[in-house]
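Just so you know, these numbers come straight off a predicted model, no measurement behind them. Every chain is numbered from 1 and lettered A, B, ... according to where its sequence line falls, protein lines coming before strand lines.
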2 protein chains.
Amino acid sequence: MKPSRPNLSELARHLGVSIATVSNALSGKGRLSPELARRIRDAADKLGYVPSQAGRALRTGRSGVLGLVLPDIGNPLYPEIAQEIERVATGAGYGVLIANSRDEIAAQDKAIFQLIERGVDGIVIVPRRGTTVPETRCPIAIIDTPTTPRNTVSADHFAGGAEVAGHLAALGHGRVLLIGDDPSSNVQNARISGMRSKLSGVETETIWIVELEARHGKGCALGLADWRKRGFTAFACVSDPHALRALTELQSAGIAIPAEASITGFDNLQWSSFISPPLTTLKMNMPEIATLALDALVEAIQSRETSDDTPSPPVTARKAAVPMELVIRRSSGPAPSAGFSQEESKHA
Amino acid sequence: MKPSRPNLSELARHLGVSIATVSNALSGKGRLSPELARRIRDAADKLGYVPSQAGRALRTGRSGVLGLVLPDIGNPLYPEIAQEIERVATGAGYGVLIANSRDEIAAQDKAIFQLIERGVDGIVIVPRRGTTVPETRCPIAIIDTPTTPRNTVSADHFAGGAEVAGHLAALGHGRVLLIGDDPSSNVQNARISGMRSKLSGVETETIWIVELEARHGKGCALGLADWRKRGFTAFACVSDPHALRALTELQSAGIAIPAEASITGFDNLQWSSFISPPLTTLKMNMPEIATLALDALVEAIQSRETSDDTPSPPVTARKAAVPMELVIRRSSGPAPSAGFSQEESKHA
DNA sequence: CTAATGTGATTAAACGTTTAATCATATCGA
DNA sequence: TCGATATGATTAAACGTTTAATCACATTAG
């Protein structure tokens, strides 16, 4: 009824040894006899000893906590990336403190400094579109695109775009509409560039949803049925939610998927396999990305013994670009045979 | 080039006063002359003083960090709840450490104890289906359903179900199919019970997706076109992803939404307003839920001055059930006029 | 004029850990 | 047998903060 929680000195008193000996036994650092070490460890977990993070942090200058900064909730891969980062970090003995760079652009910097004030040892950040990450003495791993400055690791969005575009080209689609959301996004641009790189033989157009919505209001129709009439038979989107928007818009216009039009997405979100038809999409290798990012980050943390004032050098991983996997489902199929809306397309 | 980061004693030395005086000035606790206090505060933020969380935590026994335990990523409201908890917690001066109760059921308890070992002052948990939250000396706020034991606060899932069912009944639907995922979920049961409570006059059936998938494999068709043939004109789902699954399945079967069938969801996920037709759904008041939960939690933390071994009493909020808001969009409409598939339904 | 009160600051201990430095004892080589 | 070396454990300081206890001094009351 009394024992709040045993600490090292209580353990030491209970065993009749010194505090340092107990500490050594539990950390396996100093030299001491094997049987005493075992005896101490036994007593430790019999009494339910759990070390005080605060005491340890104060002494060692390391908190054992990493920060995770994510862009606003609009980004649908938030859950997966958070989950993977948390998984790998926990495995490496770190806790993960979350911070949110919402609404205002400046919130990203504020979030970073809040994490630093809380004493995190390092930070993983998925930068918001169009921002630059400040340089700090605290190591920061950046997950964005391979071409972003100081980027640590990311999916190979360009190659992913190339792969899905190749898939559509092989299916015989002669006119492909590329659907992006925001042209200021590094990730989306990389994906679109990748798609274009494999569509040199076919006709392509690109539309950006934010521009449409700026003119016609949020949630406006994308006018895809018109594009279909003009002979565009494949709609390649930069993200699954946009693909979903395209899919339902075409379906409710009475256009059959994939018989009359093909649709592809990006990110392999949870529901993408459950809808009708299931969505062809590209899957990031999040476990590997998280592992690479965190490996690089903890290495940077450990090599930063000296506590001077110089900003931390960029955190670089063993591999900067992780391939994406094309997941072919039923939303993409062969281009409709000639004859269907042939009159509109024959002038090409 | 030398200053790693100033601490209290450096500040004190720089100003020629004692450490305690500086501490008092910054915390506003002790008694000291106003002008000295101001001078100290000025110097503090000129030198960029930021207090060491570790030192403070060690001294006060409080880490200023809360834990957040979320069920597996399958739960699509993960991002919103995490975002709101983080927002409110940051406003109250707390950091948020995330933990994931994935895969194995036992992971939930493990996650909780890991957080406690990290020294969190309290925990917010959204329990996984079919688990019970262990009693600890660390205060735990539970967000599940109003009827869950030790529940702190949650959306009023039952009332939400009643509301959407009333909406469908008012539209004249005479046969409503209720679509759930997993009957072991408290939340889903509450929603379905609520829906039934307002459908006493109409014919209802309930299907559970996990049971269908156990027989026919993951991602199998739900056979909704058949239900439609049997005269069911409304499909009320316990969550937006299931509504999406239903919507696309019916659309690709050539059934027009909402002309020939109505569909409703739950949770108002991001994409629900962008699909065609936009989804009628119920929206949780997450900001209020998060606020209520955290208010109750920090109160429990502060009242827990004594550090004895007794488990923390349940954390209760000022209000246990927060109303949901019905968001009517175009996926629900009047029941199709009689005559359509009347022959199949007249034998009822 | 002395004692009581108040004001503004300081002293010192404590939180729990890690670790370099030290010490006592045993082992070994010569 | 004596000094050198291992071995196994202890001592003591330090990390940065908070806070109760104390102190020096001035002001006021009796």
Interatomic distance where CG belongs to B:Leu26 and P belongs to D:dT18 [whole Å] = 8 Å

Determine yes or no for a side-chain-to-main-chain donor-acceptor pair under 3.5 angstrom, with A:Arg150 supplying the side chain and A:Val315 the backbone.
-> no

Check the side chains of A:Thr145 and A:Asn186 for a donor-acceptor pair under 3.5 angstrom, ignoring hydrogens and angles.
-> no

A:Lys29 side chain N/O closer than 4.0 Å to the phosphate oxygens (OP1, OP2) of C:dT18?
-> no

Between N or O atoms, less than 3.5 Å apart, protein on one side and nucleotides 9-16 of chain C on the other: list the pairs.
residue, atom, partner, partner atom, Å
C:dA9, OP1, B:Ser33, OG, 3.0
C:dA9, OP2, B:Ser33, N, 2.4
C:dA9, OP2, B:Ser33, OG, 3.3
C:dT10, OP1, B:Ser18, N, 3.2
C:dT10, OP2, B:Ser18, N, 2.9
C:dT10, OP2, B:Ser18, OG, 2.7
C:dT10, OP2, B:Thr21, OG1, 2.1
C:dC15, O2, B:Arg59, N, 3.4
C:dG16, OP2, A:Asn7, ND2, 3.3
C:dG16, N2, A:Gly55, O, 3.2

Taking the side chain as every heavy atom from C-beta outward, state whether A:Ile40 and A:Asn24 have any pair of such atoms under 4.5 Å apart.
-> no

What are the two closest non-hydrogen atoms of A:Gly122 and A:Cys138, and how far apart are they?
-> CA-SG, 3.7 Å

Does the side chain of A:Phe113 reach to within under 4.5 Å of the side chain of A:Thr136, using non-hydrogen atoms?
-> yes

Between protein and nucleic acid, restricted to nucleotides 25-27 of chain D and to nitrogen or oxygen atoms under 3.5 Å apart, what atom pairs and distances do you find?
none

Minimum side-chain heavy-atom gap A:Leu11-A:Ile19 below 4.5 Å = no

Just by distance, do the side chain of B:Ser312 and the backbone of B:Arg137 share a donor-acceptor pair under 3.5 Å?
-> no

Residues A:Ile289 and A:Ser154: closest non-hydrogen pair is CD1-C, 3.9 Å

